[in-house]
Structures are given as C-alpha cells and as structure tokens.
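Bear in mind the structure is a predicted one, so any value in this text is a computation, not a measurement.
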Amino acid sequence: MGTAATKDHTSVTHSGAGATPEPAQASLPLVEETHRVTPQDARRLSKLFFERLTVLDEGTPEYQYARNTLIEMNLSLVRYVARRFRSRGQEMEDILQVGTIGLIKAIDRFDLSLENEFTTFAIPYITGEIKRFFRDTTWSVHVPRRLQELRVDLARAREELEERGIPEPSVADYAAHLELGEDEVVEGLVACNGYDAGSLDRPIEAGGGKQQTGLVADLIGSEDPALALAEDLQALKPHLAQLDDRERTLLELRFGAEMTQSEIGKELGLSQMHVSRLLSGAFATLREALLAET
C-alpha cells in the first residue's frame, strides 16, 4: 500500500531483537498504524481481511489479528455516524464506545459473498446500536450527573426507610437519613421525574376524566427525514468542488432532474454502462471525502 501504515506480510513485530514473523500475519499485511489508513485503503484492505476470515478458524491467532484489524481500520465509520448524535447531551466517548459495538456486530455478520460494500452494511448497524443506547440507558430529560447520582441515593434511602416502617418517606425523612438539606432532597425528587417517561399510549382525559380526547402520542411530532437529508447535503457541498464538470452534470441530471442512467446516456451521448461507472466514481470520491473528515 502507498502509506506508512502497512508493511509487507514478511514484516516482523517489534517485540525485541531477533523477533520472527508472527503466524497471525503470515498471510496478511501487517497494519501497524490503523489510524493512518485512508478510507480508500481501508475498503481495499477490509475486503482482503474478510476473505481471509472466511477460511480461518475462529479463535486462532490469525483470525483474531484479522478481526481486530478490521475493527481498528473501520473506526472512522463509527466517528462518522457518532457526529450526528453529538448534540444529544451525552459524552462523545460513550457514543463512540456504543457505536464500536455496532461495528463489531457488523463485522461478525458481514457476508462477503453477497457482494455488498461493507460501508453500506455497517452504518445501519452502528446507527442502530447508538439509537438503542439513547432509548434504553439515557434519561427522558437530561439532568446534571450530580442529580442522576442523587436519584440512586434516594431510591436506596426509600428502601431502607420502608424497612424501618416508613412506607411513604417525607422530604424531612430523606434529608435526615441522607444527611442532606431539604432543598437538595426536593431538587433530587423533582429530577427523578425526568428518568421515566409516561406512556405515549396514555389517554388524554378532559372534563374531570370522564371523556377521552385522544392519546398523548397524538401530540408528539415526528422526526422530519428531510432534516437528516439537509444535514447530509450541507456536508457534501464543499466536496462537490472536487468533482469535474461532467461528474457534477451527471449528479444534477440523476438527482436534480431525476433521470435514469439510460436517459442520461441518451442526453450526453454515452452508454448506460459508462454513465454507471462515472456515477460510481463520483460517489466513491464523495464518500471518501466525507469519511476523511472524521
């Protein structure tokens, strides 16, 4: 490869003088600095590593080397997806860790024989894992960590007070038990309301509860898919300048005028296959530019 990130498969590890080639790298290139592998090279090398995984026995040193290197080379995909969730109020490090779990699942489930791009296959796995993280482990309303920890203390205090015969502890009971001020206890109890959300299927009642006027879900707006599209378009804008005039024209006809490849070919005097190759090249250029930003 044309970078300093990999060496020929005859390279040795740096475990000391006189080191000999490790069996794990006997038939695969040694990727020493995975963070320096470009997205284009990562795609090419990933295919090679996936081909080896199909014939290797799980648990062998070479299998572990191939799998671990695939993970490290494709972490840029995790960073790319994680950027979309950076405004959700969670530590980026936590999001990256969860996204990496999605990447590992994608690697373990990827079937090279289906001739799919690994990038296309992995991104939904990474996105899904991060979305599950927000759904299952975060508060309905984001509160300071101090109050999150206080909720745990209050829950534990309630159990202990109930064992002492106080089924409904008061603010004063909590304050005395935890040696806290009553104002702080009140703040913690209010923050607890942000941990569990009410059911969206709960009826909306009116007239003293005698009449149902709909469900809570009816009041909730849905996510506009155009927002994600607008974000993607803004990210693409500066990279469109890397394309030549013909490539930009092809993209305009394909997605602006919504013409088929055959119609574009007739318009420009090209074969449908040639149009397909040119579009694929343009897509690859834009994809590499976006992944390089991570």
Side-chain angles (χ1 to χ4, degrees), residues 1 5-6 22 24-25 27-140 142 223 225 227-229 231-232 235 283-284 286-294:
M1 193 174 70
T6 64
E22 292 288 343
Q25 287 84 33
S27 55
L28 286 171
L30 176 59
V31 185
E32 293 182 312
E33 297 177 305
T34 53
H35 64 281
R36 295 181 59 187
V37 177
T38 66
Q40 181 179 3
D41 286 338
R43 288 196 299 272
R44 179 175 59 82
L45 286 170
S46 291
K47 183 176 181 181
L48 172 63
F49 277 68
F50 274 120
E51 289 174 348
R52 289 295 300 152
L53 279 184
T54 61
V55 298
L56 293 172
D57 293 328
E58 187 172 351
T60 61
E62 187 175 11
Y63 182 95
Q64 290 302 117
Y65 166 72
R67 183 172 179 269
N68 291 341
T69 304
L70 278 169
I71 295 171
E72 294 171 3
M73 284 194 304
N74 288 284
L75 285 176
S76 61
L77 296 177
V78 178
R79 292 190 291 271
Y80 170 71
V81 175
R83 285 190 308 166
R84 298 187 176 187
F85 298 88
R86 60 181 177 269
S87 61
R88 296 288 186 92
Q90 287 292 321
E91 295 290 337
M92 182 56 67
E93 182 179 352
D94 294 338
I95 300 174
L96 291 173
Q97 289 178 355
V98 174
T100 302
I101 295 174
L103 173 64
I104 293 172
K105 289 182 178 179
I107 288 173
D108 290 340
R109 298 173 186 177
F110 183 63
D111 187 350
L112 190 63
S113 65
L114 297 180
E115 298 184 354
N116 293 325
E117 281 283 347
F118 177 68
T119 299
T120 305
F121 182 82
I123 286 179
Y125 272 91
I126 298 169
T127 304
E129 202 67 31
I130 294 176
K131 286 184 176 180
R132 276 190 290 274
F133 166 71
F134 281 101
R135 182 192 65 196
D136 298 337
T137 64
T138 59
W139 286 52
S140 301
H142 187 67
E223 181 178 349
L227 293 177
L229 177 60
E231 181 178 329
D232 291 339
F283 296 154
L286 293 174
R287 186 184 300 113
E288 181 176 351
L290 284 173
L291 291 176
E293 289 183 349
T294 58

Using residues 122-130 as the side-chain source, report each donor-acceptor pair under 3.5 Å to any protein atom, sequence neighbours left out, with the distance given to one decimal.
unit_1: T127; atom_1: OG1; unit_2: I123; atom_2: O; d: 2.9
unit_1: E129; atom_1: OE1; unit_2: K105; atom_2: NZ; d: 3.1
unit_1: E129; atom_1: OE1; unit_2: R132; atom_2: NH2; d: 2.8
unit_1: E129; atom_1: OE2; unit_2: K105; atom_2: NZ; d: 3.4

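Classified by interplanar angle (parallel below 30°, tilted 30° to 60°, perpendicular above 60°), the ring pair F110/F118 is perpendicular.
Here the straight-line distance linking atom CD1 of I71 with atom CG of L77 works out to 12.5 Å at 0.5 Å rounding. Interatomic distance, CZ of R52 versus CG of L28, reported as 5.5 Å (0.5 Å rounding). Here the CG-OH distance, from D57 to Y63, works out to 10.0 Å after rounding to the nearest 0.5 Å. Distance CZ/F85 to CG/L96: 11.5 Å, rounded to 0.5 Å. Residue L103 holds its CG atom at 10.5 Å from CZ of R79, rounded to the nearest 0.5 Å.
A donor-acceptor contact shorter than 3.5 Å is absent between the side chain of T69 and the backbone of A66. Using a distance-only test at 3.5 Å, with no hydrogens or angles considered, a donor-acceptor pair links the side chain of N74 to the main chain of L70.
Of all heavy-atom pairs spanning A42 and M73, the tightest one is CB-O, 3.9 Å. In terms of heavy atoms, L112 sits closest to K47 at CD2-O, 4.1 Å. In this structure, R67 and L53 approach most closely via the heavy-atom pair N-CD2, 4.2 Å. Nearest heavy atoms, V31 versus Y65: N-OH, 3.0 Å.
Between L48 and P29 there is a side-chain heavy-atom pair separated by less than 4.5 Å. Put simply, the side chain of L114 does not reach to within 4.5 Å of the side chain of F121, judged on heavy atoms.
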